[in-house]
Amino acid sequence: MIEILNSARLERARDTGALVGNILHTLKQRSTVGTNLLDIDQWAKEMITEAGAQSCYVDYAPSFGRGPFGHYICTAVNDGVLHGLPHNYTLADGDLLTLDLAVARGGVAADAAISFLVGKARPAESVAMIETTERALAAGIAAAKPGARIGDLSHAIGTVLSKAGYPINTEFGGHGIGSTMHQDPHVANTGRPGRGYKLRPGLLLALEPWVMADTATLVTDADGWTLRSATGCRTAHSEHTIAITDSGAEILTRP
């Protein structure tokens with residue numbers, strides 16, 4: 001299903017997107033050395049509930065997970081990259097943490113992810129990988145204009161990732177979003193320009209470039225949810241929900 005939002009629903013999407021961005025910003029500030037992943041999940045639950053919003057994750061039970069997910073945010077550390085199930089782990093200096101959050105409010109969902117280093121340690125390879133996903137996200141957003149095609153966005157994202165030397169996995173990528181978290185069209189993190197669905201004003205997309213340092217192969221953790229790099233290398237993931245407007249892309253999930 002592909003949804004095109006009218007002006008009233010687009011305004012609700014802006015509201016939800018701002019909520020997601022603000023929650024992630026707050027959680028990043030609170031995620032320090034000694035923080036437990038379960039504390040982050042509890043903080044997310046409290047902020048979502050206080051805002052009168054609903055988690056898109058608690059009851060989420062897709063075919064690729066051992067569902068339902070049962071938590072309010074995805075917390076992936078170091079070699080974890082997607083669908084990180086919060087568990088009893090205490091963050092250490094230099095850990096690379098990815099927080100991925102999707103909530104709905106007013107009947108419209110928004111989805112975003114950030115990767116960052118915890119504490120004072122700044123391993124150069126980790127910094128470069130995070131910055132690459134952020135640059136790839138910016139390139140995909142810049143390509144998202146009315147009349148462009150999904151392949152244009154995928155090509156823009158993939159060009160940045162591949163030039164930086166990262167293998168690209170195409171099993172998981174960006175997606176349409178609206179009344180539900182995951183909708184068509186799929187937005188792969190590499191692709192051919194000029195191909196796929198033509199973008200229209202009112203379309204919402206969640207773009208999410210993610211990489212693993214030296215592999216394109218994922219393995220599923222024993223928890224049935226967390227996807228990790230097959231080699232144990234570090235990973236990074238950046239995501240925004242955007243709205244296609246007459247003048248281009250509007251980022252909805254900025255804090």
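Please read all numbers here as calculations on a predicted model, not as lab measurements.
With rounding to the nearest 0.5 Å, the separation of CG in Leu137 from OG1 in Thr132 is 12.5 Å. Here CG of Leu82 is found 10.5 Å from OG1 of Thr220. Values are rounded to the nearest 0.5 Å. In this structure, Leu27 CG and Leu99 CG are separated by 6.0 Å, a value rounded to the nearest 0.5 Å. In this structure, CG on Leu101 lies 5.0 Å from CD1 on Ile73, to the nearest 0.5 angstrom. Rounding to the nearest 0.5 Å places CG of Leu117 at 9.0 Å from CG of Asp93. One finds the CG atom of Leu227 at 5.5 Å from the CG atom of Leu218 (value rounded to the nearest 0.5 Å).
Heavy-atom minimum distance, Thr226 versus Gly84: OG1-CA, 3.5 Å. Here the closest non-hydrogen pair linking Ser31 and Leu91 is CB-CD1, 4.2 Å. In plain terms, the two heavy atoms of His175 and Asp111 that are nearest each other are NE2-OD2, 3.2 Å. Summarising the geometry of Met129 relative to Ala236, their closest heavy-atom pair is CG-CB, 3.7 Å, with the distance given to 0.1 Å. Residues Ser229 and Thr215 share a closest heavy-atom pair of CB-CG2, 4.0 Å.
If you check the side chains of His240 and Thr253, you find a donor sitting under 3.5 Å from an acceptor.
Within the 3.5 Å criterion, the main-chain N or O of Arg234 finds no donor-acceptor partner in the side chain of Asn78. Looking only at distances, a side-chain donor or acceptor of Thr133 sits under 3.5 Å from a matching main-chain atom of Ile130. Judged by distance alone, with hydrogens and angles left aside, the side-chain atoms of Thr35 form a donor-acceptor pair with the main-chain N or O of Arg30 at under 3.5 Å. Counting only distance, with no hydrogens or angles, the side chain of Asp221 and the backbone of Asp223 share a donor-acceptor pair below 3.5 Å. A donor-acceptor pair under 3.5 Å is formed between the side chain of Arg149 and the backbone N or O of Gly196. The backbone N or O of Glu208 lies less than 3.5 Å from a partner atom in the side chain of Asn189, making a donor-acceptor pair. Checking side-chain atoms of Trp210 against main-chain N and O of Phe172 turns up a donor-acceptor pair under 3.5 Å. His87 places a side-chain N or O within donor-acceptor distance of the main-chain N or O of Leu85, the cut-off being under 3.5 Å.
Residue pairs that meet the side chain to side chain donor-acceptor pair (under 3.5 Å) test with at least one member in residues 15-29, sequence neighbours left out, are Asp15-Arg105.
Residues Thr217 and Asn169 fail the side-chain proximity criterion, which asks for heavy atoms closer than 4.5 Å. Between Thr75 and Asp41 the shortest side-chain heavy-atom distance does not fall below 4.5 Å. Side-chain atoms of Ile114 and Glu134, non-hydrogen and from C-beta on, never get closer than 4.5 Å to each other. Residues Ile244 and Pro146 have side chains in contact (heavy-atom distance under 4.5 Å, counting atoms from C-beta outward).
Under the 30°/60° scheme for interplanar angles, the aromatic rings of Trp225 and Tyr60 are found to be tilted.
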TODO: Determine, step by step, whether His155 and Arg195 satisfy the side-chain contact (heavy atoms from CB on, under 4.5 Å) criterion, reporting the C-alpha distance in whole Å, the side-chain angles of both residues, the deciding distance to 0.1 Å, and the verdict.
DONE: CA-CA 10 Å; His155 178 71; Arg195 300 296 184 94; over 6 Å; no
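Between Tyr57 and Phe69, the ring center distance clears the sub-6.0 Å criterion.
Tracing side-chain contacts under 4.5 Å through hydrophobic residues (I, L, V, M, F, W, Y), one reaches Ile48 starting from Leu37; they form part of the same cluster.
Surrounding CD of Glu125 are at most 12 heavy atoms belonging to other residues, nucleotides or ligands under 6.0 Å away.
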